[in-house]
> 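Before anything else, here's the structure in question.
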Amino acid sequence: MHDDAREPGNGELPLGPLQAGMLFQALLAPSGGFDVEQVVVRLNEPIDVRALTEAWRMAGSRHDALRLRFRWAGLEQPRQTFLDAVEPEVLQHDWTTGEGADAEARLAELLAADRRRGFDLTRPPWRVHVCQLGPERQVMVWSLHHLILDGRSFVKLLLEVFDTHAALRALRTPALPAPMRSMGDVLRARGARAPVADDAEFWRALLSSRRAPTPLPFAEPASNPLPLSGAGEASIHLDAGTTAGLHALAVSCGAGMPAVVHALWAVLLSRWSCEGDVVFGSTRSTRRGPPREDALGVVGMFINTFPMRVAVDDERTVQQLVTQLRQQAASLRDHQQATLVGIAQQAGLPGGVPLFETIVMFDAEEVNDALRAADPSWQAREVTVLEQPAAALVLTAFDGPRLKLRLLYQRGRVRDQVADRIMRHLDAIARRLAQGPEQLLGAIDSMPDDERHTVLVRWNDTERPFADQQRIHEGFEARADAQPDAAAVVQGDVVVSYRALEEQSNRLAHLLRTRGAAPGVWVGLCVERTPSLVVALLGIAKSGAAYVPIDPDYPADRIEFMLQDSGAGLVVTEQALRTHFADRPCMVMDGEDRDALAGMPSMRPAPLGSS
């Protein structure tokens, strides 16, 4: 926003429960792009930039959430306040001179740079870009910080701004609906409410004995992430039959679809973490409340995220799981102003330990569908909301004839292949949950049929043609002939090719035969785990003898017993381990026998029967 925004005439307010965490994250990583929302509107129609700017200015005058700013410097607790007016920052970009692909590339670059730019949160954190991609192709990008608006506000504001834009272009006075209550009015009414007396007791009971979040297997640790940034996205649409079955499940349990989606995620989290007691976050609307605090239809930030905890016991039924989640969600309504930091403190959790690493959200429809349902003029427009949440994984479900599941994930924590596998497992669990409420949870398998076939059948289909009586070194020799210069052994920076390994083991085999190695003879083997160990194994096998593996960490009396019991008369070892066999004949590969080995031929020794 521009600096000519006027200061407020009203007082400051404390931050809402979710705003506090978002502000902390924004200050911790200003260019990280977390919680920056980018609403991308693709248009095949002209835009009057002056009219659009005025439409946004009028929206700012009507909705105080667009005039919201934050203060924290020198304060014990951050505060938020509403400016009296705001001047929209509308930026224009003309990319009509290049090819269509060039314009799309520039748009992608703009979106990435705009997210990294972030916002000065001491000013209203939102701006608009108008991008001309072609003669009839325009894109409006509305970037904002999630601190000021929730997703339900997007539809109302977009409808209002574009209606106003159309009226101003036609030189008409915009027919705007009567003003709703302001976000500030709702926050002041809620701030006057007495604190909930049993908050601490409620959260202690819910999170009793929990000391760490439910682990997410296959995710990289936050302390050692992948060298990737930004958010990845994976999504699926469940088929119509599965979706109908899930709706029927909700009805039979006396629940809404959010409880079913929570059950779906709880089962997956339990299967992947191998824990029967799971905790995850649930983001939900806090718009409903007593008359003075009700925020239905108000533009602003009215959501919060709470921990959900549930037992996924094999002996419980699907109905019992969904019912428990429904009841728990209902009990949270009296505690919906709690902050996650406060919840952790009241529950007695260790400082700095997150309550959960995954979050579940449910929405009746996507922004694009809601706009098209509200106004036919949006049928020709395409709206996408780009998000980058701070949590490792956020699952959002959008209701409809075919339930859509969308997974947003931090690419530094979750690999793309893992996200795709999560979605396939969710689809499999959904299909099984849809089969009825009386099923036992122990019968709900998360593994898709094709993956189960891979694990049980394909990976065990190991039968291969194999020559009768082929010895292990002969298989190695065949590979050495086929690819002599390929890497056979790698240890750190040391790489040994098949050719080098073949020649070294041949020399050892020849020398061993001069010392009595032959079929039916046992040779002791005591070499550290280096490429020399592989040379020794192959060399003994090529000599026709068999080896007796000896761990150098074994006690001396155990080593002596093994040698006597096996009848091994010679030990292949190395200089550092020679003292283990002071009274026995040894072949020291890197010591007293090094020159003898170097003088042996490098070709393969002739076969000597079987060992």
> Do V310 and D277 have side-chain heavy atoms sitting under 4.5 Å apart?
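Not in contact.
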> Would you check if S235 and K404 make a side-chain contact, meaning some heavy-atom pair closer than 4.5 Å?
yes
> Suppose we call two aromatic rings close when their centres sit under 6.0 Å apart. Are F306 and H335 close by that rule?
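Ring centroids of F306 and H335 are no less than 6.0 Å from each other.
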> Is L226 close to R415 at the side-chain level, that is, under 4.5 Å between some pair of heavy atoms?
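Yes, their side chains come closer than 4.5 Å.
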> Would you indicate whether the side-chain heavy atoms of T164 and V161 approach each other to under 4.5 Å?
no
> Regarding R421 and the six-membered ring of F218, is the cationic atom NZ or CZ under 6.0 Å from the ring centre and inside 45° of its axis?
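Yes, a cation-pi geometry.
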> In a check of side-chain contact (heavy atoms from CB on, under 4.5 Å) between L246 and each of V261, L264, V322, V260, which one passes?
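Checked V261, L264, V322, V260 against L246; only one passes side-chain contact (heavy atoms from CB on, under 4.5 Å): V260.
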> Among R123, R57, R117, find the residue that satisfies the salt bridge (charged side-chain N to carboxylate O under 4.0 Å, His left out) test when tested with E89.
R117
> Scan side-chain atoms only and decide if Q439 and R432 contain a donor-acceptor pair under the 3.5 Å cut-off.
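Not at all, the side chains of Q439 and R432 share no donor-acceptor pair under 3.5 Å.
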> Would you call the rings of F280 and H262 parallel, tilted or perpendicular if under 30° counts as parallel and over 60° as perpendicular?
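Geometry flag for H262 against F280: tilted rings.
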> A side-chain contact here means heavy atoms from C-beta on lying under 4.5 Å apart; do L405 and L395 qualify?
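In contact.
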> Answer yes if the ring centres of H165 and W56 are under 6.0 angstrom apart, and no otherwise.
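Ring-ring flag for H165/W56: false, centres at least 6.0 Å apart.
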> Below 6.0 angstrom between ring centroids: does that apply to W142 and F154?
yes
